[in-house]
Amino acid sequence: MKTANKCYQASPATLDRRWYVVDARDQVLGRLAVRIATVLMGKHKPTYTPHVDTGDFVVVLNAGKVKVTGTRKKQQVVYQRYSGYPSGLREITMETMLQRHPERVLEYAVRRMLPKNALARKMLSKLKLYAGDQHPHQAQQPEPLPN
Amino acid sequence: MPRVTPGHATRQRRKRILKDAKGYRASRSTLFRPAKQTVIKAGQYAFRDRRVRKREFRALWIIRVSAACDARGISYSHFINGLKKAGVFLNRKMLSEVAIADAPAFDKLVEMAKKAATA
């Protein structure tokens with residue numbers, strides 16, 4: 001059987017970029033992060049190409065109001081960063097993070113689901129998180145995020 | 001008998017290796033010994049990766065077909081199972097190309113797969 005020798009490759013010029021919006025209120029953190037990460041990576045489209053950012057934009061409202069299941073998970077999940085100096089380890093629990101930077105909990109969850117490379121930083125720049133239920137992207141006419 | 005030294009032959013042999021090593025970084029492109037090692041290793045990688053390439057592309061096609069299936073409310077595995085039962089033997093590459101270039105045709109394929117899976 002003779003088949004085409006080359007298969008489709010997306011290129012930045014032919015991308016079809018969409019905008020999606022989702023309300024994070026009472027959505028389970030990880031379940032929501034999976035859906036967002038899939039769209040940011042472009043894996044929801046048949047034109048997915050690994051070396052090109054084929055993903056769409058995602059606007060998240062009420063980003064800090066996600067649901068965290070389990071009775072003690074908010075105290076048990078700890079975000080760590082290390083400054084490089086001796087005793088420079090900073091730790092912050094999810095509970096305090098939700099108070100200080102409510103949208104960062106979801107951002108971390110999504111970021112860690114993306115590939116660990118330069119393309120991931122481009123993908124993450126398409127994620128727009130807001131602690132409130134308003135967003136300044138009306139002009140892009142975002143559609144509701146598919147399941 | 002004049003004395004024969006291997007000077008010319010050696011230079012030609014080394015030039016051949018260094019030609020293959022063009023574009024490598026640092027001493028790997030300029031010095032004979034590192035260049036020779038790197039050229040041999042490059043050949044090994046090339047041999048292995050010609051085989052790996054086939055798997056990587058198949059994985060990519062599966063990701064694409066899976067995305068097209070999810071959008072139509074059927075999982076990839078059910079889709080493939082349905083097609084097999086329906087006697088459709090398009091390979092994954094063609095399925096992914098159909099999903100990109102001809103969405104209505106892919107709708108039909110999904111329909112066929114769904115019907116065959118329940119029958």
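Note that these values count all heavy atoms, side chains included, but never hydrogens, waters or copies made by symmetry. Numbers restart at 1 for each chain; the letters A, B, ... are given by sequence-line order, proteins then strands.
For Arg64(B) against Gln9(A), the heavy-atom pair with the smallest separation is NH2-CA, 4.3 Å.
Applying the 6.0 Å contact sphere to NZ of Lys19(B) captures no more than 12 heavy atoms from other residues, nucleotides or ligands. By the neighbour-count criterion of 12 heavy atoms within 6.0 Å, atom CZ of Arg28(B) is sparsely surrounded, having that number or fewer from other residues, nucleotides or ligands. Annotation for Lys116(A): atom NZ counts as buried by contact number, over 12 foreign heavy atoms lying within 6.0 Å. Within a 6.0 Å sphere centred on CZ of Arg14(B), other residues, nucleotides and ligands contribute more than 12 heavy atoms. Enclosure of atom CZ in Arg13(B) by more than 12 non-hydrogen atoms of other residues, nucleotides or ligands within 6.0 angstrom is indicated. Other residues, nucleotides and ligands contribute only 12 or fewer heavy atoms inside 6.0 Å of the CZ atom of Arg33(B).
In the hydrophobic cluster analysis, where Ile, Leu, Val, Met, Phe, Trp and Tyr join through side-chain heavy atoms closer than 4.5 angstrom, Ile74(B) is grouped apart from Trp61(B). Residues Tyr76(B) and Met94(B) are members of one and the same hydrophobic cluster, defined by side-chain heavy-atom contacts under 4.5 angstrom among Ile, Leu, Val, Met, Phe, Trp and Tyr. No single ILVMFWY cluster, assembled from side-chain heavy atoms under 4.5 Å apart, contains both Met113(A) and Leu119(A). One hydrophobic cluster holds both Met112(B) and Leu90(B) under the rule that ILVMFWY side chains link at heavy-atom gaps under 4.5 Å. In the hydrophobic clustering of this structure, Leu106(A) does not group with Val34(A); members are Ile, Leu, Val, Met, Phe, Trp, Tyr whose side-chain heavy atoms approach within less than 4.5 Å, directly or through other members.
A distance of 5.0 Å separates SG in Cys7(A) from CZ in Phe57(B), rounded to the nearest 0.5 Å.
Residues of residues 43-82 of chain A placed with any heavy atom under 4.5 Å of a heavy atom in chain B are listed by number as Lys43(A), His44(A), Lys45(A), Pro46(A), Thr47(A), Tyr48(A), Thr49(A), Pro50(A). Residues from residues 120-141 of chain A never place a non-hydrogen atom less than 4.5 Å from a non-hydrogen atom of chain B.
Both the backbone and the side chain of Ala99(B) come within contact range of chain A, each with at least one heavy atom under 4.5 Å from a heavy atom of that chain.
Contact of the Ser96(B) side chain with the Tyr8(A) side chain is not registered, since no non-hydrogen atoms from C-beta on lie closer than 4.5 Å.
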